[in-house]
Visitor: 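Please see the structure below; I have some questions.
Both ligands and their constituent atoms are indexed starting at 1 by order of listing. Numbers here are sequence positions counted from 1. Fair warning: this is a prediction, and the values are worked out from it, not measured in the lab.
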Amino acid sequence: MPRTAEEFLSPPSVPEDCYVSSSVYTDPDLYAEEEEKLLRRTWKFVCHVSEVPNIGDYRTHDWTGVPLVTVRSPDKKVRTFVNSCSHRGSRVVRYPAGNMKHMTCFFHLWEYDLYGNCTYQTRDEGYEAHGPTKEQAGLREVRTDTFCGLVFMNFDGNAAPLREYIGETATAFESIFGENDFEIFHLNRTHMKGNWKAWFLTNCDFYHEWGHQVNRSTNLTSPDYHDRPWRLNHAQGHGYTARKLDNEPFVVQYKNYKGWKNRDGLVLRGLQPGELVLTDLFPNTSVFMRTTCVRINHSTPYGPDHTVMEERGLGIKGESEADRRQRAKEFTQVWGPYSRNGAEDVAFVEESHRCQEFGANKYDVISRNEPIGDGLQRPQSDAYVRLFYDKWGDYMGRPANNPKNLMTAAE
Ligand code: FES
Ligand SMILES: [Fe+2]
């Protein structure tokens, strides 16, 4: 039966933790609050260490509107600085990536070393009377740390250390990242008219595999598809899914993919041929360890309705050119950004967003419940999505089903 106007405006008839107000995806005030209370207080993925292997190698990026530069300093440590000159605020480093000996601001040529110290002020005698001295004019350094070769940063000096933040989810990484010496071979950026949470939760939502033409013939035809549980890290808001309950690997039926060749020779150490391990780190980093490649998805929001998704591919350092070509081909054709899946995922997020934006959809339903035993849930359950919004509520100080504290039509 179609819903009446009143029913349409009322929350769905499910428990309160099983739906989300669409305003969490569209409201500019909520987005500004998210920047302050959540995104500036959690660890943000920056890059893989192989992107800055040598002293002076850098990458620029943004977070919550703040330009940043991450660089390998002469002491070999990877450091992050707010990429804004202490003089009049210009961005200091203006290229996406490269190698530098020091950082020179192009506006009035102040200079900084790779530790963020200000080392040169043009005609510095002009600052003798009132300052600032060079000692007072360094760049702002931001906490930066690495785990399994993944570089993260955090604006919040009081946040728990990175290893504590990764928590028990570390076990999903360590066996694979500990066994393989990875390096990046692919980086792709996609702009989306959609919300960063919707993108991240699409990566965590196995129910939407029904929407992917490729997955319908590969993942979903595996007889044991529903036999592996979500492992939820309630303390930190992370989730991962790997082995089945009997500890056997879950193997995707890639042989059903048109044009698939047996590529077992390139399988990563720690994985079986066809095996998939997925790790979702709150609030927005997904690491797919998938047979022959690692894919890292991370997004940067620029507002409630503009998200830039970054997708990285990792292979084995020092491998032959032929192996790398094969691995890269597999990454891009089967599960990378140029496969059907990448484009389909963007379409899923943008289609939902256009309805949420103008009020055609008031609530998201996240009520799927698929118990598998031992208190665990099957992959197509919404268990992880509910955990994500539970954590979101902790940071924001109120639940996602009524985040604006609005009266509903039912009240
Ligand atoms: S703004 Fe950087 S030197 Fe003036
Ligand atoms: Fe998808």
Side-chain angles (χ1 to χ4, degrees), residues 60 67-69 81-95 100 102-113 116-127 130-134 136-140 188 190 192 194-220 225 239 241 252 254 257 276 278-280 284-288 290 293 295-299 307 309-311 331-353 368 379-380 382 384-385 388:
T60 56
L68 297 150
V69 56
F81 303 100
V82 172
N83 186 14
S84 173
C85 184
S86 311
H87 179 219
R88 299 276 177 85
S90 164
R91 264 195 315 154
V92 181
V93 185
R94 296 181 304 129
Y95 297 99
M100 58 191 177
H102 47 247
M103 300 177 256
T104 305
C105 178
F106 80 138
F107 200 167
H108 312 86
L109 304 191
W110 282 24
E111 211 168 88
Y112 303 88
D113 68 15
N117 301 308
C118 179
T119 51
Y120 178 79
Q121 292 167 308
T122 312
R123 289 180 62 79
D124 59 356
E125 61 271 31
Y127 293 109
H130 305 298
T133 62
K134 290 188 205 59
Q136 295 168 323
L139 297 178
R140 192 289 213 203
N188 178 71
T190 306
M192 269 171 297
N195 186 269
W196 66 274
K197 297 186 293 301
W199 172 256
F200 178 63
L201 292 173
T202 296
N203 285 290
C204 316
D205 161 27
F206 284 92
Y207 192 45
H208 92 283
E209 292 207 77
W210 295 102
H212 284 307
Q213 193 193 44
V214 169
N215 297 28
R216 287 199 291 271
S217 63
T218 55
N219 288 20
L220 292 165
Y225 178 87
T241 174
V252 178
Y254 290 118
Y257 184 80
L276 165 65
L278 166 64
T279 309
D280 290 310
N284 71 338
T285 303
S286 300
V287 182
F288 301 75
R290 201 190 267 270
C293 302
R295 173 155 61 99
I296 303 172
N297 280 9
H298 170 75
S299 70
T307 302
M309 187 269 279
E310 279 192 343
E311 195 166 50
F331 179 83
T332 52
Q333 288 186 345
V334 183
W335 43 71
Y338 306 113
S339 69
R340 288 187 66 98
N341 279 14
E344 286 169 349
D345 280 332
V346 171
F348 297 145
V349 172
E350 291 189 339
E351 278 298 327
S352 296
H353 191 84
R368 286 190 65 75
Q380 297 207 345
D382 281 329
Y384 179 73
V385 184
F388 175 92

Visitor: Would you tell me whether Asp280 and Asn203 have side-chain atoms, one donor and one acceptor, within less than 3.5 Å of each other?
Guide: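 Short answer, no.
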Visitor: I'd like to know: is atom 4 (Fe) of ligand 1 within the 2.8 Å range of an N/O/S atom from His108, strictly under that distance?
Guide: yes
Visitor: Please answer whether the main-chain N or O of Phe206 pairs with a side-chain N or O of Gln380 as donor and acceptor at a distance below 3.5 Å.
Guide: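 Flag set: sc Gln380 to bb Phe206 pair under 3.5 Å.
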Visitor: Report yes or no: do Asp113 and Thr119 form a side-chain donor-acceptor pair below 3.5 Å?
Guide: no
Visitor: Going by atom types alone, do Asp345 and His208 pair a side-chain donor with an acceptor below 3.5 Å?
Guide: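 Present: a donor and an acceptor within the cut-off.
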Visitor: By number and element, which atoms of ligand 1 are closer than 4.0 Å to a non-hydrogen atom of Cys105?
Guide: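 Under 4.0 Å from Cys105, ligand 1 has these atoms: 1 (S), 2 (Fe), 3 (S).
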Visitor: Need the ligand 1 atom indices (1-based, order shown) with element for anything under 4.0 Å from a heavy-atom of Phe107.
Guide: 1 (S), 4 (Fe)
Visitor: Among the N/O/S atoms of His208, select the one at the shortest distance from the Fe ion (ligand 2) and name it.
Guide: NE2
Visitor: Which atom name does Asp345 have for its N/O/S atom nearest to the Fe ion (ligand 2)?
Guide: OD1
Visitor: If the cut-off is 4.0 Å to any non-hydrogen atom of Arg88, which atoms of ligand 1 fall inside it?
Guide: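 Every atom of ligand 1 under 4.0 Å from some heavy atom of Arg88: 1 (S).
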Visitor: List ligand 1 atoms under 4.0 Å from Trp110, heavy atoms only on the residue side.
Guide: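 Taking each heavy atom of Trp110 in turn, ligand 1 has 3 (S) under 4.0 Å.
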Visitor: For residues Trp110 and Ser86, determine if any side-chain heavy atom of one lies less than 4.5 Å from a side-chain heavy atom of the other.
Guide: yes
Visitor: Is there an N/O/S atom in His87 that lies less than 2.8 Å from atom 4 (Fe) of ligand 1?
Guide: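 Looking at His87, which is the residue asked about, there is an N, O or S atom under 2.8 Å from atom 4 (Fe) of ligand 1.
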Visitor: When you measure from the centre of the six-membered ring of Tyr207, is the NZ or CZ of Arg368 under 6.0 Å away and within 45° of the axis?
Guide: yes
